[in-house]
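Heads up: the structure comes next, in structure tokens.
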Amino acid sequence: MLITDQIKHVAADVWVLTETDDSCAPGSGFQSAATSGADRPGEASERWTMIWSRYPLEPLAPTSDPIRAVAARIVPPNGAPLIVYGTVLPWLGSPWCGVAAEQGKAFAAALAAQELDWQRLREAHPGHDMIVAGDFNQDLADTHYYGSRKNRRRLQLALDRAGLVALTAEGNDPVRQNSPPCACIDHICVSTPLRLRAGSPFRWPDLPKPDRRLSDHFGIGVEFGLANIHLHPTPADESMSRRG
């Protein structure tokens, strides 16, 4: 399978995969937490979001959107424990839990619910670092690429209120830097202590455009020194279909 070959090549310690399948695993020695349920037809093994960790992992209580978002506590060998929250937010034209897509209403409703999760998790786990990563379906680039300006403002305010910073925003966007006019709509957002230890985000594979045999997105990675987290959204060789 091409996507698992790429995952093994990158060799990260923590992964957030979106629009994936139980069979798409980084290899032996990893533990996982996954979303449950479905909001569209598909195979029982399909997942909107999965978190994989080489380090001890504890799935946390269901999120406000257990179909699209999942949370886990990860304990690396050095440094503070991590709360990792993986998500897929509504894309343009997508409803959410009965909320219509028009004027960004579905995006706003899903984001508001998930923001409460972020704040609740931070309050419940003081002294932990936090990572929110996944397919946000919204750019944070210097100039507009995908999503809407209204949803961008909503997302930025939600991150600010939760004390999180998107490492993949504006001038740090590794897709916009290397493959313009495309830009990240998948993001890695972290609490301040992790931001201070983060290297420059990168996109993979290192090609002018995504390898569509793998996905119509680039994978996104960041190295923190103590541990790596890599995000690879929307594997194209899985059975979940890419939305328009």
Side-chain angles (χ1 to χ4, degrees), residues 3 16-21 24 34-43 46-51 63-70 85-118 132-159 164 166 168-170 173-176 179-189 203 209-212 214-220 231-244:
I3 184 63
V16 176
L17 303 183
T18 59
E19 293 194 55
T20 186
D21 187 276
C24 187
T35 53
S36 60
D39 55 6
R40 66 183 184 183
E43 299 296 326
E46 294 174 356
R47 311 290 180 186
W48 274 109
T49 312
M50 291 189 76
I51 299 168
T63 65
S64 59
D65 182 3
I67 293 176
R68 298 288 186 96
V70 62
Y85 189 101
T87 182
V88 176
L89 284 167
W91 54 94
L92 293 177
S94 168
W96 178 81
C97 292
V99 180
E102 60 184 11
Q103 298 179 349
K105 292 177 181 178
F107 183 94
L111 178 62
Q114 293 190 18
E115 180 188 349
L116 291 177
D117 286 343
W118 307 342
V132 177
D135 187 351
F136 289 68
N137 282 296
Q138 174 60 53
D139 73 59
L140 292 171
D142 290 325
T143 56
H144 179 65
Y145 171 65
Y146 183 86
S148 73
R149 290 175 175 81
K150 182 182 290 186
N151 285 347
R152 176 180 176 141
R153 289 193 296 272
R154 289 167 171 155
L155 175 57
Q156 190 60 66
L157 286 172
L159 292 173
L164 298 169
T168 43
E170 298 181 340
D173 183 330
V175 174
R176 172 57 58 84
S179 301
C182 298
C184 283
I185 61 172
D186 311 286
H187 297 289
I188 300 174
C189 309
R203 57 104 172 90
K209 296 181 179 180
D211 184 343
R212 287 185 174 268
L214 304 172
S215 171
D216 58 353
H217 293 209
F218 285 104
I220 305 298
L231 165 69
H232 184 87
T234 332
D237 58 346
E238 299 300 338
S239 56
M240 293 189 79
S241 61
R242 173 65 183 165
R243 59 276 184 282

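This is a predicted model, so every value here is computed, not measured. The first residue in the sequence is number 1, and the count goes up from there.
Counting heavy atoms from C-beta on, the side chains of Ile67 and Asp39 come closer than 4.5 Å. The side-chain heavy atoms of Lys209 and Ser179, taken from C-beta on, include no pair separated by under 4.5 Å. Residues Asp135 and His217 have side chains in contact (heavy-atom distance under 4.5 Å, counting atoms from C-beta outward). Here the side chains of Thr35 and Pro66 are not in contact, with every heavy-atom distance at 4.5 Å or above. Residues Tyr85 and Val70 fail the side-chain proximity criterion, which asks for heavy atoms closer than 4.5 Å. The shortest side-chain heavy-atom distance between Leu140 and Thr168 does not fall under the 4.5 Å cut-off. Annotation: side chain of Pro174 is in contact with side chain of Ile220 (closest heavy-atom distance under 4.5 Å).
The nearest pair of heavy atoms linking Gln138 to Ser148 is OE1-N, 2.9 Å. Residues Ala141 and Ala183 approach most closely at CB-CB, 3.7 Å, considering heavy atoms. Of all heavy-atom pairs between Trp96 and Asp65, the closest is NE1-OD2, 2.8 Å. Heavy-atom minimum distance, Thr63 versus Asp117: CB-OD2, 3.3 Å. Across Ile51 and Gly86, no two heavy atoms sit closer than the pair CD1-N, 3.9 Å.
Arg152 CZ to Leu157 CG: the interatomic distance, rounded to the nearest 0.5 Å, is 11.5 Å. Interatomic distance, CZ of Phe136 versus CG of Asn151, reported as 13.0 Å (0.5 Å rounding). Between the CD atom of Glu19 and the SG atom of Cys24 there is a distance of 12.0 Å, given to the nearest 0.5 Å.
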Practice task
Take Ile185 and Tyr145, measure what side-chain contact (heavy atoms from CB on, under 4.5 Å) needs, and give me the verdict at the end.
Solution key: CA-CA 9 Å; Ile185 61 172; Tyr145 171 65; 4.2 Å; yes
Practice task
Begin from the C-alpha positions of Thr49 and Leu17 and carry the test side-chain contact (heavy atoms from CB on, under 4.5 Å) through to its verdict.
Solution key: CA-CA 6 Å; Thr49 312; Leu17 303 183; over 6 Å; no
Problem - Full working for salt bridge (charged side-chain N to carboxylate O under 4.0 Å, His left out) between Arg47 and Asp21 - result: CA-CA 5 Å; Arg47 311 290 180 186; Asp21 187 276; over 6 Å; no
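Electrostatic pairing of Glu102 and Lys150 does not count as a salt bridge here, judged by no charged N lying under 4.0 Å from a carboxylate O. At a threshold of 4.0 Å, the pair Asp142-Arg176 does not count as salt-bridged, since none of the basic side-chain nitrogens sits closer than that to a carboxylate oxygen.
Classification of the Trp48-Trp91 ring pair by plane angle, with boundaries at 30° and 60°, yields tilted.
In this structure, the side chain of Asn137 engages the main chain of Leu89 through a donor-acceptor pair within 3.5 Å. Panel note: side chain Asp173, backbone Cys184; a donor-acceptor pair is recorded below 3.5 Å.
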Solution key, residues 106-115 side-chain donor-acceptor pairs under 3.5 Å, sequence neighbours excluded:
| unit_1 | atom_1 | unit_2 | atom_2 | d |
| --- | --- | --- | --- | --- |
| Gln114 | OE1 | Thr87 | OG1 | 2.6 |
| Gln114 | NE2 | Thr87 | OG1 | 3.1 |
| Glu115 | OE1 | Arg161 | NH2 | 3.0 |
| Glu115 | OE2 | Gln119 | NE2 | 3.1 |
| Glu115 | OE2 | Arg161 | NE | 2.7 |

